[in-house]
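Worksheet: the structure to be examined is printed underneath.
Since we're looking at a predicted model, the values are computed, not measured.
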Amino acid sequence: MKRVVIIGGGASGMMAAIQAARAGAAVTLLEHNEKPGKKILATGNGRCNLTNLVQEPSRYRSSQPDFPWKIITQYPLEDTLAFFSELGIYIKDRGGWVYPYSDQAAGVAQVLEMEARHQKVKIKTTEEVTDILREDDRYLVKTATWKYPCDSVIVACGSPASNVEGSSATGYALAEKLGHAIVKPLPSLCGIRGKDNYYPKWAGSRMDGRIILEVNGKIIGQEQGEILFTEYGISGISVFQLSRYAVRGAAEGKTAVYHMDLMPKLTKEELVQYLADRQRQNGTYKNPQELLIGLLPKKIIDVLVKKTYEPEKIAEKLKDWQISVKGAYALRQAQICSGGVDPEELTDHLESRLYPGVYFAGEVIDVDGPCGGYNLQWAWSSGAVAGKAAAREGKIL
């Protein structure tokens, strides 16, 4: 019977533990929090967006673009849904975004832990892993208090993103000690810090709009939805969806710009005419700012209009309000990280090409996705693939 040690008790680590144990391995899971599954509790605003019914290669991002889909297809959506159904999770579909019917992430964490214990996984909490050592044809996983000999190791430590207690860069450090290249981890699914200084004036406002991201003059993508205006720039799901490319672009010294269309249902010409009509109808008794009450939030009006009401200039700004990207707001406020262990150094079963018998799973790898359940699907798929592979019989070559 192979002995497998899994480092990290989050989504990918718990899935890896269950699949390895089901495949016949003796599994020990090491978690540095006092309880596994803590980050799962925060997903989907506490409701746990398990996965998404729309699955395609473009939803997964990496420095090796073809790599994520090779893993997803080994443990696809159908397997994920069947797995959670078997564990007792009844699902609901919100426009393709899949949640537990209870809308409680705690239930997902609980059934994963129950299944792991049912499969006789040994769960060791408050264990901080410091090293992975090769000993002949086996490995020794060291913590501050103990040593765990094993045949295979799965590193599933996640990333330092989010303010959930226990989020850390341990996985990157362990990978680097083994000689793995790390694609620079950067915040993703996050608010964007802009370069201007007027943002505190509009903080707390929100509007629906269309966003286009341009990096070095190239259109990267567009999103539509609610935009939150913050003291540092902009936020909201529509901003999050493109933030990976904005943050990485800015970090690489490229010019990254969000173009906001705050009146997407009107063309610029239609908007100019509409604004002129407002002025004609009410301009005799309303000042320039009062002319926009009822159309825009007051704080947006205060930033947009000072002394004069000029329909052409106002329309130009509302149709293409530009935010030059300085970077992410904060790592601890990001939902995930982009970057991580370079997939080029991993096999199609997530085994290290440098150290056979060492596997990686989840967010520690340079793979990420947009909001909507894609990052959890990556966790389930990568955890299952690594868990099954690590449990296979055979000596380390």
*asked:* I'd like to know if Leu346 and Leu174 are part of one continuous hydrophobic network [Ile/Leu/Val/Met/Phe/Trp/Tyr, side-chain heavy atoms within less than 4.5 Å].
replied: yes
_Same apolar cluster (I L V M F W Y, side chains within < 4.5 Å links), Ile314/Phe229_ = yes
*Looking only at non-hydrogen atoms, find the nearest pair between Val247 and Gly327 and report the distance.*
CG2-C, 4.4 Å
_Nearest non-hydrogen partners of Ser352 and His180, listed with the distance_ = OG-NE2, 2.7 Å
Can you measure from [atom1] ([X]) to [atom2] ([Y]) and round to the nearest 0.5 angstrom?
X: Ile220; Y: Leu213; atom1: CD1; atom2: CG; result: 6.0 Å
X: Ser205; Y: Ile227; atom1: OG; atom2: CD1; result: 11.5 Å
X: Gln377; Y: Ile71; atom1: CD; atom2: CD1; result: 12.5 Å
X: Asp196; Y: Ile323; atom1: CG; atom2: CD1; result: 6.5 Å
X: Asp366; Y: Asp342; atom1: CG; atom2: CG; result: 7.0 Å

State whether the side chain of [X] and the backbone N or O of [Y] hold a donor-acceptor pair below 3.5 Å, judged by distance alone.
X: Lys319; Y: Met263; answer: yes
X: Ser382; Y: Gly362; answer: yes
X: Glu345; Y: Ala181; answer: yes
X: Asn49; Y: Thr51; answer: yes
X: Lys177; Y: Thr130; answer: yes
X: Arg248; Y: Ala250; answer: no

For residues [X] and [Y], is any side-chain donor paired with an opposing acceptor at under 3.5 Å?
X: Glu56; Y: Ser58; answer: yes
X: Ser381; Y: Gln74; answer: no
X: Tyr60; Y: Gln55; answer: yes

_Residue from Phe67, Trp378, Tyr374 passing side chain to side chain contact (heavy atoms under 4.5 Å, CB included) with Ile72_ = Trp378
*Run through the side-chain heavy atoms of Ile, Leu, Val, Met, Phe, Trp and Tyr, join any pair under 4.5 Å, and report what else lands in Tyr101's cluster.*
Tyr90
*Using side chain to side chain donor-acceptor pair (under 3.5 Å) as the criterion, list what pairs up with Tyr245, not counting sequence neighbours.*
Arg61
In a table with atom names and distances, give each donor-acceptor pair under 3.5 Å that connects a side chain of residues 17-31 to protein atoms at least two apart or in another chain.
residue: Arg22; atom: NE; partner: Glu115; partner atom: OE2; Å: 3.4
residue: Arg22; atom: NH2; partner: Glu86; partner atom: OE2; Å: 3.1
residue: Arg22; atom: NH2; partner: Glu115; partner atom: OE2; Å: 3.1
residue: Glu31; atom: OE1; partner: Gly9; partner atom: N; Å: 2.7
residue: Glu31; atom: OE2; partner: Asn33; partner atom: N; Å: 2.8
residue: Glu31; atom: OE2; partner: Asn33; partner atom: ND2; Å: 3.2

_Does the plane of the ring in Tyr198 sit parallel, tilted or perpendicular to the ring in Trp321? Use 30° and 60° as the thresholds._
tilted
